[in-house]
Amino acid sequence: MSFGRANQQWATFSRVWHILNADRQPAGGIGVLVSRYVQGLHKPIYHPTSDVGDHVVVVNAKKIAYSGNKWEEKVFTAHTGRRKGRVRMQAFKVHELDPTWIIRRNIYRQIPNNLLRRTLFQRVHVFEDENVPAEIIENVTNVLIGPRPVPKAITDYTEEEKDSFPKLFLRDKYFLKS
Amino acid sequence: MSVLGRLVSSVCSCGSNSGFLASVQKSVLPTYLTTRMYRKIKQKEGEKVTVIKGEVFEDTKNVYVEKAVPDDPCPLRSRGIQITYEDVLILQQFITSTGEMLPREHTNLSQQEFFKVLTCVKMAQRANLLPGTEDQTDKQGNFVPKLNRYLTRYDVGSRTPIRSRGLQYTKRLYRIGDRRLARDAPRVSSRPWSLNH
């Protein structure tokens with residue numbers, strides 16, 4: 001197929017819109033992945049001053065997962081600058097107030113600390129639900145896979161798979177099936 | 001002993017449910033169908049009379065795997081199986097439908113394996129992979145919302161917040177998973193499990 005030189009140039013430098021489902025994914029891993037795509041590090045034509053980054057839409061931000069007991073143990077701190085202005089909040093309370101705050105903070109801190117950071121951060125769109133406005137969804141063309149392979153729950157297996165799985169011990173004769 | 005070693009190496013090469021089945025069936029252990037008669041309680045409520053029956057039915061779909069070490073009563077140790085919290089099809093056999101553990105007299109688990117299965121079941125319940133939940137309350141009695149989590153070793157409301165984590169060389173780390181499971185669990189790569197974040 002014939003590709004004119006101008007069309008080839010436009011195709012290589014075009015800005016692509018990606019979408020990522022944050023359901024049961026770790027917050028830190030999402031920050032690493034999204035910052036990579038927003039800077040353009042996944043492209044062979046990458047250069048920091050060439051503006052080759054893409055847009056990323058993050059969906060289901062309120063269903064994020066933390067390993068261990070971090071929802072209770074992890075504490076976010078801030079200071080207003082005034083006296084007695086130190087604010088300390090546990091992770092689940094912060095998530096209650098603003099479900100998108102944790103993801104946005106992680107992504108912002110993974111982008112390198114230079115003058116390009118704020119413009120690149122404007123190309124990250126985070127939503128707590130799957131309700132995304134139509135003007136954003138119609139641009140999306142690629143789906144990103146999350147960093148964590150989500151394990152299957154017992155309800156996701158079919159009855160045939162459950163029955164055909166081998167048993168490790170035979171139950172008592174008077175066993176009551178509940 | 002050499003049989004166990006071979007089994008462990010063949011089983012440890014795969015980490016998921018389907019992989020375990022494939023490797024075990026091909027290598028050593030034969031499988032055969034067994035039929036067992038179980039009992040079920042059925043209750044019928046009429047206008048003036050309620051009938052409670054104990055019905056006997058035949059369970060023909062049981063696929064049972066023979067043991068490599070027949071003298072060993074423990075079902076996991078005799079077959080050289082090491083589990084993780086994701087092996088839901090194996091863990092479901094050791095719990096009731098509400099999510100409580102079956103006693104050791106029924107299942108013949110050894111003490112070490114019993115505690116491994118118990119921690120795996122609790123971690124899977126907190127990750128919403130198995131049925132059965134616990135009260136989501138803090139130490140002060142405040143309500144903790146139900147959020148997605150995985151590899152939670154400790155009870156949901158039992159940990160206090162870590163306000164100051166310390167300097168780089170004496171940092172207080174978050175604890176994830178269980179040390180005994182990480183020592184024995186199957187892993188493809190040689191990189192060890194990360195237990196402290």
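Letters A, B, ... mirror the listed sequences (proteins, then strands); counts begin at 1. From a predicted model like this one, the values you see are computed outputs, not experimental measurements.
At a 4.5 Å heavy-atom cutoff, the contact between K74(A) and chain B is made by backbone and side-chain atoms alike. The contact between K70(A) and chain B is made entirely by side chain atoms (from C-beta outward), counting heavy-atom distances below 4.5 Å. Contacts of R88(A) with chain B are made by side-chain atoms alone, with heavy-atom separations under 4.5 Å and no backbone atom involved. For D155(B), the part lying near chain A is the backbone, with the side chain staying farther off; criterion is any non-hydrogen pair under 4.5 Å. Contact of Q90(A) with chain B is made through the side chain alone, with heavy-atom distances under 4.5 Å. At a 4.5 Å heavy-atom cutoff, the contact between L76(B) and chain A is made by side-chain atoms alone.
Residues of residues 159-179 of chain B lying under 4.5 angstrom from chain A, judged on non-hydrogen atoms, are R159(B), T160(B), P161(B), I162(B), R163(B), Y174(B), R175(B), I176(B) by number.
Annotation: R104(B), atom CZ; neighbour count of heavy atoms from other residues, nucleotides and ligands within 6.0 Å is above 12. Under a cut-off of 6.0 angstrom, the local environment of NZ in K122(B) is sparse, with at most 12 non-hydrogen atoms contributed by other residues, nucleotides or ligands. E161(A) CD: more than 12 foreign heavy atoms inside a 6.0 Å radius. Within 6.0 Å of the CG atom in L97(A), the count of heavy atoms belonging to other residues, nucleotides or ligands exceeds 12. Within a 6.0 Å radius of NZ in K53(B), other residues, nucleotides and ligands contribute 12 heavy atoms or fewer. Enclosure of atom NZ in K43(A) by more than 12 non-hydrogen atoms of other residues, nucleotides or ligands within 6.0 angstrom is indicated.
The cluster map of Ile, Leu, Val, Met, Phe, Trp and Tyr, joined by side-chain heavy atoms under 4.5 Å apart, puts V59(A) and I102(A) in different clusters. By the rule that hydrophobic residues join a cluster once side-chain heavy atoms approach within less than 4.5 Å of another member, V52(A) and I111(A) end up as members of separate clusters. Put simply, I30(A) and W101(A) are part of the same group of oily side chains (I, L, V, M, F, W, Y) that touch within less than 4.5 Å, one to the next. Linking Ile, Leu, Val, Met, Phe, Trp and Tyr whenever their side-chain heavy atoms come within less than 4.5 Å leaves I137(A) and L20(A) in two separate clusters. Residues I107(A) and V32(A) fall into different hydrophobic clusters, defined by Ile, Leu, Val, Met, Phe, Trp and Tyr side chains chained together at heavy-atom separations under 4.5 Å.
The distance from atom NE2 of H106(B) to atom CZ of F169(A), rounded to the nearest 0.5 Å, is 9.5 Å. Atom-to-atom distance recorded for N128(B):CG and I154(A):CD1 is 13.5 Å, nearest 0.5 angstrom. Here F92(A) contributes atom CZ and L147(B) contributes atom CG; the two are 8.5 Å apart, rounded to the nearest 0.5 Å. From Y154(B), atom OH reaches atom CD of E72(A) across 13.0 Å, with rounding to the nearest 0.5 Å.
At distances below 3.5 Å, at least one donor-acceptor pair connects side-chain atoms of W71(A) with backbone N or O atoms of N148(B).
Listed by chain and number, the residues in a side chain to side chain donor-acceptor pair (under 3.5 Å) with Y85(B) are R148(A) (sequence neighbours excluded).
For the options A153(A), G68(A), A91(A), P151(A), heavy-atom pairs under 4.5 Å to chain B are most numerous at G68(A).
Contact of the Q92(B) side chain with the F165(A) side chain is not registered, since no non-hydrogen atoms from C-beta on lie closer than 4.5 Å. Inter-residue side-chain proximity for I81(B) and L168(A) is flagged as met; some heavy-atom pair is nearer than 4.5 Å.
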side-chain contact (heavy atoms from CB on, under 4.5 Å) assessment of L89(B) paired with Y157(A): CA-CA 9 Å; L89(B) 290 168; Y157(A) 286 101; 3.8 Å; yes

